[in-house]
Amino acid sequence: MKKRLLISLFLLVLSGCSSLPQVSAPPPVAVPDAQALQAEQARVRQVLAQLEWGFSGRVAVSNGRDGGSGRLDWAQAGNGFSARLSAPVTRQGWELSMDFASGQARLEGLQGGTRQGSDARALVQQSTGWDLPIASLGDWVRGVLASDASALQRDGAGRPLQARQDDWEVHFSQWYDAEGTRPALPRRIDAVNGQARVRLLVDQWTGWEP
């Protein structure tokens with residue numbers, strides 16, 4: 001009953017959000033040549049070398065029965081990250097922060113006070129009822145996959161289009177082209193794990209300004 005109430009409150013926070021806009025079809029699947037794969041490896045190295053970065057965007061979540069959408073603001077530094085999910089008008093929502101040194105996550109903004117735990121994904125799921133791939137999202141949103149990711153498909157530039165990692169099937173539906181000091185980065189990501197679905201559309205990046 002308590003978890004159901006938290007889910008209802010979470011949906012209420014997000015109920016004022018509009019759905020994500022339609023976007024164009026993803027690039028076609030291709031077999032990149034050696035030069036494209038080398039360029040993609042260089043892109044990943046550049047991405048990982050940037051320790052302070054962030055983004056603002058829109059996120060939609062569903063568990064097969066309930067769903068909602070809202071704004072997501074993510075800020076990351078070398079020692080951790082903070083992610084705030086909120087309704088665009090009321091700005092109500094919750095904030096998850098993770099300290100890499102201690103391995104502790106904090107979830108604030110929900111009824112009942114602050115919650116803490118060592119597993120960010122489990123903390124969010126237990127508190128809100130939503131299964132979100134928190135540990136991997138910071139990498140996926142930059143187009144970075146774990147070494148054990150499988151079923152990998154790429155475009156002609158070597159960038160990932162689809163992969164399976166940690167029981168999630170991840171689709172990189174749109175990419176921002178490289179611009180200035182910013183490398184090519186995903187614009188839209190869709191992740192599915194059973195009935196759990198997450199769709200993320202990045203509106204703005206920070207950390208790679210000229």
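Just so you know, these numbers come straight off a predicted model, no measurement behind them.
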Spacing of CG belonging to L107 relative to OG1 belonging to T114, to within rounding of 0.5 Å: 8.0 Å
Contact check, side chains of D131 and Q125, non-hydrogen atoms, under 4.5 Å: yes
Expected output: side-chain S56 to main-chain Q204 donor-acceptor under 3.5 Å: no
Step-by-step side-chain contact (heavy atoms from CB on, under 4.5 Å) determination, L201 to R188: CA-CA 4 Å; L201 186 65; R188 173 175 165 174; 3.8 Å; yes
Minimum-distance pair of heavy atoms, taken over all atoms of L161 and W175: CD2-NE1, 4.5 Å
Residues, nucleotides or ligands: over 12 heavy atoms within 6.0 Å of R121 CZ: yes
Side chain to side chain contact (heavy atoms under 4.5 Å, CB included), paired with S82, selected from E108, Q76, E95: E95
Under 3.5 Å: donor-acceptor pair, side chain of T181, backbone of W208: yes
Closest contact, heavy atoms only, L152 versus A163: CD1-CB, 3.8 Å
Validation row: L185, R182 side chains within 4.5 angstrom (heavy atoms): yes
From D119 atom CG to I134 atom CD1, the distance as rounded to the nearest 0.5 Å: 10.5 Å
Considering all heavy atoms, the nearest A184-R43 contact: O-NH1, 2.9 Å
Spatial distance of atom CD (Q153) from atom NE2 (H171) [nearest 0.5 Å]: 8.5 Å
Aromatic ring pairing F55/W74, orientation class (parallel under 30°, perpendicular over 60°, tilted between): parallel
Stepwise side-chain contact (heavy atoms from CB on, under 4.5 Å) test for R154 and L37: CA-CA 10 Å; R154 298 184 181 273; L37 291 176; 4.0 Å; yes
Between R187 and Q174, a side-chain donor and acceptor under 3.5 Å: yes
Check: A196 main-chain N/O paired with N193 side-chain donor or acceptor under 3.5 Å: no
Mutual orientation of the aromatic rings belonging to F81 and F100 [parallel < 30°, tilted 30-60°, perpendicular > 60°]: tilted
Audit row: W94, R84, side-chain contact (heavy atoms from CB on, under 4.5 Å) steps and yes/no: CA-CA 6 Å; W94 52 260; R84 177 171 178 78; over 6 Å; no
Cationic tip of R159 above F172 ring, under 6.0 Å, 45° of axis: no
Sidechain-backbone polar pair: D155 side chain, A157 backbone, donor-acceptor under 3.5 Å: yes
M98 to A105 - nearest heavy-atom pair and separation: SD-CB, 3.5 Å
Side-chain donor or acceptor of E52 paired with backbone N/O of G207 under 3.5 Å: no
Side chain proximity check, L123 to R115, heavy atoms < 4.5 angstrom: yes
Flag side-chain contact, heavy atom, 4.5 Å: S118 against Q104: yes
Whether Y176 side chain and P183 backbone form a donor-acceptor pair below 3.5 Å: no
Nearest heavy-atom neighbours spanning V124 and L132: CG1-CD1, 3.9 Å
Using residues 140-147 as the side-chain source, report each donor-acceptor pair under 3.5 Å to any protein atom, sequence neighbours left out, with the distance given to one decimal.
unit_1	atom_1	unit_2	atom_2	d
W140	NE1	Q165	OE1	3.2
R142	NE	G138	O	2.9
R142	NH2	D139	OD1	2.8

For the student: nearest non-hydrogen atoms of A83 and L72, plus distance: CB-CD1, 4.2 Å
Donor on one side chain, acceptor on other, D190 and S173, under 3.5 Å: yes
Check: R58 and S69 side chains under 4.5 Å, non-hydrogen atoms: no
